[in-house]
Structure formats: C-alpha cells, structure tokens
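Predicted model only: the values in this text are computed from it and were never measured. Residue numbers run from 1 in the order of the sequence given.
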Amino acid sequence: MATAASTSAAAAVLASRLLRRSPRLLRRLGLSRAPPVALSSSSRPLAPLARQPLGHRARMGHTAAAAAAEPALGLTKPNAAEPPQITFSAKDIEFSEWKGDILAVAVTEKDLSKDSDSKFENAVLKKLDSQLGGLLSEAAAEEDFTGKAGQSVVLRLAGQGFKRVGLIGLGQNAPSTAAASRGLGESVASVAKSAQASSAAIVVASPSGIQEEFKLTAAAAIASGTVLGLYEDSRYKSESKKVHLKQVDIIGLGSGPEVDKKLKYANDLSSGVIFGRELVNSPANVLTPAVLAEEASKIASTYSDVFTATILDVEKCKELKMGSYLAVAAASANPPHFIHLCYKPTDGNVKRKLAIVGKGLTFDSGGYNIKTGPGCSIELMKFDMGGSAAVFGAAKALGQIKPPGVEVHFIVAACENMISGTGMRPGDIVTASNGKTIEVNNTDAEGRLTLADALVYACNQGVDKIVDLATLTGACVVALGPSIAGIFTPSDELAKEVTAASEVSGEKFWRLPLEDSYWESMKSGVADMVNTGGRQGGSITAALFLKQFVDEKVQWMHIDMAGPVWNDKKRAATGFGVSTLVEWILKNSSS
C-alpha cells in the first residue's frame, strides 16, 4: 500500500509533467500555470501551499496593470464613454429675455391657480402666458397638467427667443430639500433629452418658496440632478445615445462667485457619482479585483498632486497577517488586491485624519454556502463592491475639489468570493490581523471578514475617524427597504456629522442600535467569535462583528447600504454614498 507521503510525491511529479507537457489538458481540468508576481510582492519564494493554513494561503497574481490589460472572459470590453460635459451658469436676468433651446419652468400645484378671468395668479406664469398669447394656459388645460411631481409638458414655439417652453411639476411645494432639488434637475434633463436641446434655462415659478439660505444648496442640487439625469451608462451596449445638452442657466437663485463655485462643485461631485455608478454597473468578468485596483490607481495618477496609491498583493497581505481577508479570496482564480489611496492637501497642513473603508467583493457567489433559490440575486452580485465604488467615487470628486486641512485614507480589500478546492469551508477558523480568531459558520457572510482586516489596517494609519460602507446584509434591506441605508455607531458626534452631511446630499440614512446583548449569538465554542449569528437582528450582529476590529480610541461608523446601492426599476447602480461622503469630508475640512 502506498503511504500518504509517496502518494503526494507521485502526484507532485505528475502535476509537474502535466505543467510542462500539456497546458491544454490543464485548462480542461480547470488548472493553470501560476501567473506573474503581483504589485508589492516580496521576492522571497513561497512556502509550500500544503503547509499554509487557509487564512494565510498564498496565491501568486498579476500586477493590477497587467491583469487590467488582459481580455475579459467573454471578450467583453467597455466602450470609451465620457460623462455629460455641461457648463452651468447662475443668472439674475429676466427669464422672458433668455435665448436658447428650452426654457424649463418649475411649478407647484398652487402656482397653476387662476383668477376670475382664467388668468394665472402666479406672476411668472402670468407674464409668460401673456407673452405666448395664452398658449401656456391652453396647453396646461388640454394636457391635464396640474403641477404634480413627475408631470411635464413641453411646447414648441415660434417667434420667441427660446424654441421650447416646458412646465415641470414640483408637487405641492417648491423644493426645500436637496433630494427635491436634484429631482427637479433630473426632470429638466429628461425633457431636454427628449427635445435634443443643447441649451436650457431653469426657472422656479415661486422662488420665494425657497428659503434664502437654501438657494445655494438648491442651485447645486439642481445642477447635479441635471448631470445625473442626462447620464446613461452605455459602455456595454453596441449603440449609445448622444448627449446634446451643453449649457444650462439657472435663473433666479442668485449669481456671483459663490454660486459659480457651488455649481463647479456640483459638476465635480457628479463626476464622482457617475464613476461610482460605472464601477458597480461593470460586470464581474470585466471588473476583477485587479481592474478595480487599476481604476483606483488612475485616480492617484490623475490627481497626483494630492493622491498616492499603494496596492498590496497576497504576499504583503500575508506579512500583515490578513488571514480573514485572504481566506475569502482563496477560492478565486483572480487574486486579491488590497487598495489604499491617500489624500493629502497640497499645502501639507493637516488638522484631521479620516479613513473611508469600502467592501470590495467584485463578485459574491456565496462560497460553499452558495446563493440559491428565489430572491438570492446571485446574478446581481457584481454590486457587492458598492461600498468600494462609493469610496473611489468620493476619492475622484475629492481630487477635483481639493479641500484643505484634512487627510483621507480610502481603503478597499478587493477580492472575489468563489468556490474551489482551495476555498474557505464552513467550519474553518481564520485569524484576522489583530490576532482575533473567527469560526466561519457561513461562507456567504464574507464581506465582514474582508472588512475586519481593512478596519485594522485603517486604524493603523493613525486616523481620528473611520466610516465603512458595505452591501453587508439582506436584513438591513428588510428593515429599511430599498432606498435607505442603515448606520451603526457608538459615537453620537459622528452620527450627527454624517446625518448633517446626508441632509445636504439628499441621500437617506437611518441610525440603528448597536445592541451589545445580541453579541451572545456571535460567540464560538472554539474561536473568539463566529462570523454570523441567527436570522434575527442580522444587520446589528454584523455591525457588532465589525466593531471587534476597530480601536476604541477611533470614532467609527458602519453604513449598511445593501438596499440603496441598486435601482431595481432602472436595473442600474445609483452611486449611493458618494455625495454624503464628500460632504462629510468637507465638514471635517472646514471644522
């Protein structure tokens, strides 16, 4: 009878001969030669894989740049696409004298009230209707336009300075929130797109309904909504639609350098949101961990005056003892890439250090606890890197805005959660970089395992505050629905900061409790903890798990964005989180 040692030796000899003589057979068996060494790889030879515990399993990998250059599975390559390039101007002029393609007038239901002579009572509409010979009043009646939110009517004109006039419904009130103002911009984008207009002006029929201190924010949100409303991700379509709109004037909400600066900010922010959307929309056969690392590196090279990039490969992650993260990555043929971008202001003066950590699972099969059955959404698991998309979208915007006084670390542990003979199994125990051990009772609770090592790494950067974002639990979607993210933090101060930022961004968050008594369900009989508790309170126990990897001296918040990362109706990414992160960073910059 052959001993185990002799059997292993024979197998090694056979594998060596196969590798030399029959690469085609290897491919049929699902095996391959080891690819080149990754970025930041140590030059030391790898120890035999059989002697490595799973949480420290070595895997050689491509450099991010080389892997990004390789053809994707299916030979899919995204088409080059530029986000909408729009010039915004804030003007205090008589709207009736404006010249261009479409004049968009935002009206409330009350604005459409008429007097005893069937004339509009609203001064803007009354003047415009008179200028058009009553055409506006007739059209509103014929089209049953009542000013409800989502309604619009567009008229083609002759003999006027503007070729078309459009009425945009606001509902009962003029916009008083960033979300409502952004919605107005999106509605204007929709009518401008239909009219193939290259220029547009936006007028609010009742500007007095907008508080004076809110007008600056409203103008920026309208501009941002216009850009995002025009944007369509056609990179993976054989045909794309041309964006005609190039110039937008916002009339009646103020003018001058302060407004112009805010409108530029809106454009910069929108480019970050679009970048975040594109990352999430990209399929997993295109956006591998290496490609995500390459995209992050491009941000650093584009804005090299304020950014540096560090990409850690498997060897470096092993040196840092990131066993929890590497265990998740162990099954995939696409090697993991730990990504760290660092923003520092040009003058070098730093008052506050922040870290933003994003979950970066470019695909999540669930591992051996594979996602199966109705509602598992395995076909959408490309969006499991939505946290990292928010992180890098914010980084891109920040590279353009360049706020002073704040240092920001953007950190993503990118990998795939796949299934193979080298993969993490239910029941395995992995060791995180802070020395804590984790019994894996569910391989589909993998995001928190990657975040564990990323959070330890973030704390080691000497930061004051950390915000992590992750599409972490279905339980949070059940609790808050598809458009609200859950936030968890032991810091009331940090909760107030992020809530204030969200009020400016218009994104929705709700604070949920960190109930310490629920930790009982996360205890293991053989390790420091398990990686998932029972079904009840699943988003809370997930947050409690992450808390184990954060230094108590650091203010920390976890954001579970599993719901709002994706728009089911549009079947596309939302770019959620980017705007709030940027606003939060700016608040820390100015404070």
For residues Ala542 and Leu472, report the shortest heavy-atom separation together with the two atoms involved. CB-CD2, 3.7 Å
Quick one: pull up CD1 in Ile339 and CD in Glu295 and give me the separation to the nearest 0.5 Å. 10.0 Å
Under the side-chain contact (heavy atoms from CB on, under 4.5 Å) criterion, do Thr226 and Ile202 qualify, and how do the steps go? CA-CA 10 Å; Thr226 304; Ile202 303 172; 4.2 Å; yes
Between Thr473 and Asp560, is a side chain to side chain donor-acceptor pair (under 3.5 Å) present by the stated rule, with each step listed? CA-CA 7 Å; Thr473 67; Asp560 193 331; 2.6 Å; yes
Is there a donor-acceptor pair under 3.5 Å between the side chain of Thr499 and the backbone N or O of Ala495? yes
Any side-chain heavy-atom pair from Lys508 and Leu480 closer than 4.5 angstrom? no
After noting the C-alpha distance and the side-chain angles of Trp556 and Leu546, does the key distance pass the side-chain contact (heavy atoms from CB on, under 4.5 Å) rule? CA-CA 10 Å; Trp556 160 75; Leu546 296 179; 3.8 Å; yes
Compile the donor-acceptor pairs under 3.5 Å between side chains in residues 396-415 and protein atoms, sequence neighbours left out, one pair per line.
from	atom 1	to	atom 2	distance (Å)
Gln400	NE2	Ser271	OG	2.7
Gln400	NE2	Lys396	O	3.2
Lys402	NZ	Gly399	O	2.3
Glu407	OE2	His409	NE2	2.7
His409	ND1	His340	NE2	2.8

Could you pull out all donor-acceptor pairs under 3.5 Å where a side-chain atom in residues 375-391 meets a protein atom, sequence neighbours excluded?
from	atom 1	to	atom 2	distance (Å)
Lys382	NZ	Asn281	O	2.8
Asp384	OD1	Lys359	NZ	2.9
Asp384	OD1	Thr471	OG1	2.6
Asp384	OD2	Lys359	NZ	3.0
Ser388	OG	Met385	O	2.7

Decide whether Ser505 and Ser579 meet the rule of one side-chain donor and one side-chain acceptor closer than 3.5 Å. no
Contact summary for Ala205 and Val107, nearest pair of heavy atoms: CB-CG1, 3.8 Å
Which is it for Leu228 and Ile274 under the side-chain contact (heavy atoms from CB on, under 4.5 Å) test, yes or no, and what are the steps along the way? CA-CA 7 Å; Leu228 297 177; Ile274 288 172; 3.7 Å; yes
If we count only N and O atoms by modelled type, under 3.5 Å, do the side chains of Asn334 and Thr288 hold a donor and an acceptor together? no
To the nearest 0.5 Å, atom CH2 of Trp510 lies from atom CG of Leu512 at 9.0 Å
Scan side-chain atoms only and decide if Ser255 and Asp92 contain a donor-acceptor pair under the 3.5 Å cut-off. yes
side-chain contact (heavy atoms from CB on, under 4.5 Å) assessment of Val154 paired with Ser194: CA-CA 10 Å; Val154 178; Ser194 297; over 6 Å; no
Look at the side chain of Thr177 and the backbone N and O of Ala180, then say whether any donor-acceptor pair between them is shorter than 3.5 Å. yes
Any side-chain heavy atom of Arg235 sitting closer than 4.5 Å to one from Glu278? yes
State whether the side chain of Ser187 and the backbone N or O of Gly183 hold a donor-acceptor pair below 3.5 Å, judged by distance alone. yes
What are the two closest heavy atoms between Leu341 and Ala309, and how far apart are they? CD2-CB, 3.5 Å
Might you work through the salt bridge (Lys or Arg N to Asp or Glu O under 4.0 Å) test for Lys371 and Asp444, ending with a clear yes or no? CA-CA 8 Å; Lys371 296 178 184 291; Asp444 195 21; 3.0 Å; yes
Is any side-chain heavy atom of Thr310 closer than 4.5 Å to a side-chain heavy atom of Cys342? no
Taking C-beta and beyond as the side chain, do Leu361 and Glu446 meet within less than 4.5 Å on heavy atoms? yes
Is a side-chain donor or acceptor of Ser304 paired with a backbone partner of Ala300 at a separation under 3.5 angstrom? no
Given side chains that start at C-beta, do those of Pro345 and Val350 come closer than 4.5 Å, heavy atoms only? yes
Could you give the distance from OH (Tyr265) to OG (Ser224), rounded to the nearest 0.5 Å? 8.5 Å
Go through it in stages, so that I can follow the logic: the residues are Thr308 and Tyr343, the test is side chain to side chain donor-acceptor pair (under 3.5 Å), and I'd like the CA-CA distance, side-chain angles, deciding distance and then a yes or no. CA-CA 7 Å; Thr308 56; Tyr343 170 89; over 6 Å; no
Is the closest side-chain donor-acceptor distance between Ser502 and Glu507 under 3.5 Å? no
Rounded to the nearest 0.5 Å, how far does OG1 of Thr450 lie from CG of Leu455? 9.0 Å
Test of understanding: with ring-ring contact (aromatic ring centres under 6.0 Å, His included), list the residues that count as partners of Phe576, not counting sequence neighbours. Phe509
Are the ring centres of Phe338 and Tyr457 closer than 6.0 Å? yes
State whether the side chain of Ser590 and the backbone N or O of Leu586 hold a donor-acceptor pair below 3.5 Å, judged by distance alone. yes
Lys193 atom NZ, neighbour heavy-atom count above 12 within 6.0 Å: yes
Crowding at CD, Gln85 (>12 non-hydrogen neighbours, <6.0 Å): yes
Roughly how far apart are Asn79 CG and Asp233 CG, rounded to 0.5 Å? 10.0 Å
Does Leu73 offer a backbone N or O that forms a donor-acceptor pair with the side chain of Asn285 under 3.5 Å? yes
Passes side chain to side chain donor-acceptor pair (under 3.5 Å), Asn588 versus Arg352? Steps please. CA-CA 7 Å; Asn588 276 273; Arg352 190 155 292 162; 3.3 Å; yes
So, Gln151 side chain and Lys148 main chain: donor-acceptor pair closer than 3.5 Å or not? yes
Which pairs pass salt bridge (charged side-chain N to carboxylate O under 4.0 Å, His left out) with one or both residues in residues 477-503, sequence neighbours excluded? Lys465-Glu497, Asp492-Arg511
Smallest separation among heavy atoms of Val554 and Asp464, with atom names: CG1-O, 3.6 Å
When you measure from the side chain of Asp101 to the backbone of Ser198, do you find a donor-acceptor pair of N or O atoms at a distance under 3.5 Å? yes
Find out whether Phe95 and Leu103 are in side-chain contact, i.e. whether some heavy atom of one side chain is under 4.5 Å from a heavy atom of the other. yes
Any idea which heavy atoms bring Ile250 and Leu263 closest together, and the distance? CD1-CD2, 4.0 Å
What are the two closest non-hydrogen atoms of Pro289 and Pro336, and how far apart are they? CB-CA, 4.4 Å
For the atom pair OG (Ser491) and CD (Gln555), what is the distance rounded to the nearest 0.5 Å? 3.5 Å
Can you list every salt bridge (charged side-chain N to carboxylate O under 4.0 Å, His left out) pair that touches residues 243-263, not counting sequence neighbours? Lys91-Asp249
Can a donor-acceptor pair be found, under 3.5 Å and without considering hydrogens, that links the side chain of Ser332 to the backbone of Met418? no
Which residue pairs satisfy the salt bridge (charged side-chain N to carboxylate O under 4.0 Å, His left out) criterion with at least one member in residues 174-191, sequence neighbours excluded? none
Are the side chains of Ile559 and Asp468 in touch, meaning some heavy atoms are under 4.5 Å apart? no
